[in-house]
Undergrad: 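Structure in structure tokens, see below.
Every value quoted in this text rests on a predicted model; they were computed, and no experiment measured them. Note that ligands are numbered from 1 as they come in the structure, with each ligand's atoms numbered from 1 the same way.
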Amino acid sequence: MTTGSRLLGELVEALRCLPGVGNKSAQRMALHLLERERAGGRRLAVALEEAMQRIGNCTRCRNFSEEPVCALCASDSRDRGVLCVLESPSDLAAIEQATGYRGQYFVLLGHLSPLDGLGPEELGLDLLVRRLEEGEVQEMIIATNPTVEGEATAHYLGQLARAAGVRPTRLAHGVPLGGELEYVDRSTLAHASGTRQAL
Ligand SMILES: [Zn+2]
């Protein structure tokens, strides 16, 4: 953006690192902060700086945390016999908000993808295996995404669980509640029918 301010140009450029934010929206955001929301802008700057400095990964589940062990892992009220394995912190947030799940989690931060250099080590599977071998976990719910890579990862995780004497289960993906089959997309329906459960 051509303005009289070098700093404004830098702010616009920096905002463009956000997903879905192009030059125009970045410009709108920067001008909005300067014109009408200076206090909010300062709060945003402090929150960003703190979060980037202090948030790391939980040493037990790899979820984001500013403590060595996150609140979910440290909690006494979570069932330590059930471990839900997911690809990302956003999947964890979705399960936490949408279900009454009371077990614990393990976050892979990705899925197996040899072409992208993502192998067992990058997904922290050594940490997961150590966790399973502690003997507390009875059931491992595999909640990777229903994509080709997610399914391959699920298959691999199932083998790890069985080797450690833990029962693997797969989160069923499929028809939304209240949905009519007619309106469900074909791949979802195919997957739902492939992963049907006993009634
Ligand atoms: Zn944790």
Undergrad: Is the shortest distance from a Lys or Arg side-chain nitrogen in E134 or R60 to a carboxylate oxygen in the other one below 4.0 Å?
TA: yes
Undergrad: Taking only distance into account, with no hydrogens and no angle test, what donor-acceptor pairs under 3.5 Å do side-chain atoms of residues 153-167 form with protein atoms, sequence neighbours excluded?
TA:
{"unit_1": "T153", "atom_1": "OG1", "unit_2": "L112", "atom_2": "N", "d": "3.0"}
{"unit_1": "T153", "atom_1": "OG1", "unit_2": "E149", "atom_2": "O", "d": "2.7"}

Undergrad: Can you list the protein N, O or S atoms less than 2.8 Å from the Zn ion (ligand 1)?
TA: C58 SG, C61 SG, C70 SG, C73 SG
Undergrad: According to ring pair (Phe, Tyr, Trp, His ring centres under 6.0 Å), who are the partners of Y105, at least two apart in sequence or on a separate chain?
TA: Y101
Undergrad: Got a sec: does the CZ of R43 have more than 12 other heavy atoms crowding it under 6.0 Å?
TA: no
Undergrad: Got more than 12 heavy atoms from elsewhere within 6.0 Å of CD, E35?
TA: yes
Undergrad: Suppose we screen for side-chain contact (heavy atoms from CB on, under 4.5 Å). Which residues come up paired with R16, at least two apart in sequence or across chains?
TA: E13, N23, A26
